[in-house]
Amino acid sequence: MKKTMLTASTSVALMVIASQAWSDVQTLKFHSGLAESRPEAAHLEDFADLVDEYSDGQLQVDVYHAGSLGLKEADMLRIMQRGMVDMALMYGEYYNRDAPEMASVYAQGAITEAEQHLDILPTLRELYREGYADWGVHTIGGVVAPVFDVGLHCKEPINTLEGLRDKKVRVWSGHLVETFDRLGISAQVIPQNDMYLALQTGVVDCAYYLSTVAKTVSLQEVTEYEAYLHPWAASPWMFGVSDKTWNSLDKQQQEVLTRAGEEIWKETRDQAVDPEREAEAREERKSMGISVLPAFPDDDVQTFVDAAWKAWHEMASEAGDEGLRYYEIVTGELQGSSK
């Protein structure tokens, strides 16, 4: 009987210990507005796996893709400030309403060589760190988006600005509308999901789009020609932790999150510029029947960049003193790196 009682007592003790260990596991909810099919989403899952590994399972990150928590991107700064969610994939260009200066940190036309993006990344990261901190968000690394080629995808063979003068162009931001307007070219913002139909029905004649991933939206079915214009000035996605959550974690948990975030940042940074990837994508588009024209002439590229920088400056000015400060810091470094 004593042996039976001892065994029972031991079992109860083990159950109590197991229960305590289980209750010590902390799970953080991570909001992402990106669809799970996006390449960036895989990096979020990798981040969650690293956190699990480095914490020996005591800290977990549950990633909610495609806005499945019901949170809106435009509201994310306020949501994070209030600690309504633990973590979020932060993208500065979404927050024009609450923090317009964040939307003016980086803009299309900022770079003409992909390598310039790598040079400016530390500055972009520091400016975003400052901006998010003002909203009670602690940043711990993130995803450096690939620097894809940007081209004009048209129904007719066009690879000059002059050829676009009497055409209607689809773009993805107000800054680009202003840029093309300065060049005497009609442009309008059309969401990615509506771009195919707009080209098919003649609402627009050309789409300004990321050439490397154009096949994912089937542009080869509604356009026949493509010409390279410039590399994508891709704002990095930052991993944000609500200060409310960050301050509730112990030092070891904070170090685990930081280590995992930095690892994803480094991995994606190393993959961001890849000429071989871009060349393979061009060949793939040719195999789909797209006529890849010679790139826009250097003079046209510089004309586009000049117009983009003027529109960028105007956007930054409208954002106030912080917007102008961000603009001057980033453009100053870009001008220095190009000398």
Side-chain angles (χ1 to χ4, degrees), residues 25-55 57 59-77 79-80 84-95 128 132 137 139-150 172-173 190-197 207 209-221 232 234-242 245 256-272 274 277-278 280-281 284-285 288:
V25 174
Q26 185 162 353
T27 301
L28 306 182
K29 290 184 177 180
F30 191 135
H31 159 83
S32 169
L34 299 180
E36 197 166 357
S37 58
R38 287 278 295 263
E40 295 95 333
H43 294 303
L44 304 190
E45 293 295 342
D46 290 342
F47 169 74
D49 290 342
L50 289 174
V51 171
D52 177 61
E53 177 186 345
Y54 296 154
S55 70
L59 186 61
Q60 301 286 316
V61 174
D62 281 351
V63 181
Y64 292 81
H65 299 283
S68 55
L69 286 174
L71 307 176
K72 296 181 179 179
E73 295 302 326
D75 299 331
M76 195 51 56
L77 290 177
I79 290 168
M80 293 291 282
M84 296 169 64
V85 69
D86 299 304
M87 298 189 64
L89 188 65
M90 311 295 293
Y91 193 69
E93 293 182 26
Y94 287 157
Y95 315 130
Y128 284 126
Y132 291 134
V137 180
T139 53
I140 53 164
V143 175
V144 179
V147 182
F148 293 138
D149 289 348
V150 177
W172 65 66
S173 71
I190 295 176
Q192 177 178 294
N193 292 338
D194 298 329
M195 180 169 52
Y196 183 102
L197 184 61
Y209 194 67
L210 308 176
S211 300
T212 318
V213 294
K215 69 173 185 178
T216 64
V217 289
S218 303
L219 284 191
Q220 72 276 4
E221 297 178 5
W232 183 31
S235 296
W237 301 88
M238 307 302 298
F239 293 163
V241 187
S242 164
T245 296
V256 164
L257 288 177
T258 300
R259 179 183 176 189
E262 290 297 327
E263 192 163 323
I264 298 299
W265 179 272
K266 182 180 185 303
E267 177 187 337
T268 53
R269 181 199 180 280
D270 292 345
Q271 298 171 358
D274 187 349
R277 175 193 64 215
E278 301 305 296
E280 289 175 355
E284 183 180 31
R285 293 194 296 282
M288 293 177 177

Not counting sequence neighbours, which residues clear salt bridge (Lys or Arg N to Asp or Glu O under 4.0 Å) with Asp75? List them please. Arg97
Can you sort out the partners of Asp52 under side-chain contact (heavy atoms from CB on, under 4.5 Å), two or more places apart, ordered by chain and number? Gln60
Nearest heavy-atom neighbours spanning Ala48 and Val63: CB-CG2, 4.3 Å
Taken in chain and number order and not counting sequence neighbours, the residues that satisfy side-chain contact (heavy atoms from CB on, under 4.5 Å) with Glu73 are His31, Tyr94, Tyr95
Can you list every pair that meets side-chain hydrogen bond (donor to acceptor under 3.5 Å, both in side chains) and has a residue in residues 42-51, with sequence neighbours left out? Glu45-His65
Could you check whether any side-chain heavy atom of Ile140 comes within less than 4.5 Å of a side-chain heavy atom of Met87, counting everything from C-beta outward? yes
Residues in side-chain hydrogen bond (donor to acceptor under 3.5 Å, both in side chains) contact with Tyr64, at least two apart in sequence or another chain: none
Quiz: residues 209-216 side-chain donor-acceptor pairs under 3.5 angstrom, not counting sequence neighbours:
residue : atom : partner : partner atom : Å
Tyr209  : OH   : Gln192  : OE1          : 2.9
Ser211  : OG   : Gly151  : N            : 3.2
Ser211  : OG   : His153  : NE2          : 3.2
Ser211  : OG   : Glu226  : OE2          : 3.0
Thr212  : OG1  : Asp149  : N            : 3.3
Thr212  : OG1  : Glu278  : OE1          : 2.4
Thr212  : OG1  : Glu278  : OE2          : 3.4
Lys215  : NZ   : Glu284  : OE1          : 3.3
Lys215  : NZ   : Glu284  : OE2          : 2.8
Thr216  : OG1  : Val213  : O            : 2.6

Examine distances only and state if a side-chain atom of Asp86 and a backbone atom of Lys29 form a donor-acceptor pair shorter than 3.5 Å. yes
Using the side-chain contact (heavy atoms from CB on, under 4.5 Å) criterion, which residues pair with Asp194? Sequence neighbours excluded. Ile190, Pro191
Please evaluate residues Glu40 and Thr268 with respect to the criterion side-chain contact (heavy atoms from CB on, under 4.5 Å), reporting the C-alpha separation (whole Å), side-chain torsions for both, the decisive distance (0.1 Å), and the verdict. CA-CA 9 Å; Glu40 295 95 333; Thr268 53; over 6 Å; no
Please round to the nearest 0.5 Å and tell me the distance separating atom OG of Ser32 and atom CG of Leu69. 10.0 Å
Qualifying residues under salt bridge (Lys or Arg N to Asp or Glu O under 4.0 Å), relative to Lys72, sequence neighbours excluded: none
List for me each residue that meets side-chain hydrogen bond (donor to acceptor under 3.5 Å, both in side chains) alongside Tyr91, sequence neighbours excluded, and say none if there are none. none
Got a sec, which residues hit side-chain hydrogen bond (donor to acceptor under 3.5 Å, both in side chains) with Glu36, two or more places apart in sequence or on another chain? none
Any idea which heavy atoms bring Tyr132 and Gly92 closest together, and the distance? OH-N, 3.2 Å
side-chain hydrogen bond (donor to acceptor under 3.5 Å, both in side chains) involving Glu53 - partner list, sequence neighbours excluded: none
Under 4.5 Å between any side-chain heavy atoms of Leu257 and Leu59, yes or no? yes
Given side chains that start at C-beta, do those of Phe239 and Val61 come closer than 4.5 Å, heavy atoms only? no
Quick one, Met195 and Leu219 - any side-chain contact, counting heavy atoms below 4.5 Å? yes
Taking Ser242 for the side chain and Met80 for the main chain, is one N or O donor matched with an acceptor at less than 3.5 Å? yes
From CA spacing to verdict: side-chain contact (heavy atoms from CB on, under 4.5 Å), Val217, Tyr196: CA-CA 7 Å; Val217 289; Tyr196 183 102; over 6 Å; no
Any side-chain heavy-atom pair of Met90 and Tyr128 under 4.5 Å: no
Between Ser235 and Ala145, what is the shortest heavy-atom contact and its length? O-CB, 4.5 Å
State, to 0.1 Å, how close Ala234 and Pro146 come at their nearest heavy-atom pair, and which atoms those are. CB-O, 4.1 Å
How far apart are the C-alpha atoms of Leu44 and Trp237, what are their side-chain angles, what is the distance that settles it, and do they pass the side-chain contact (heavy atoms from CB on, under 4.5 Å) test? CA-CA 11 Å; Leu44 304 190; Trp237 301 88; over 6 Å; no
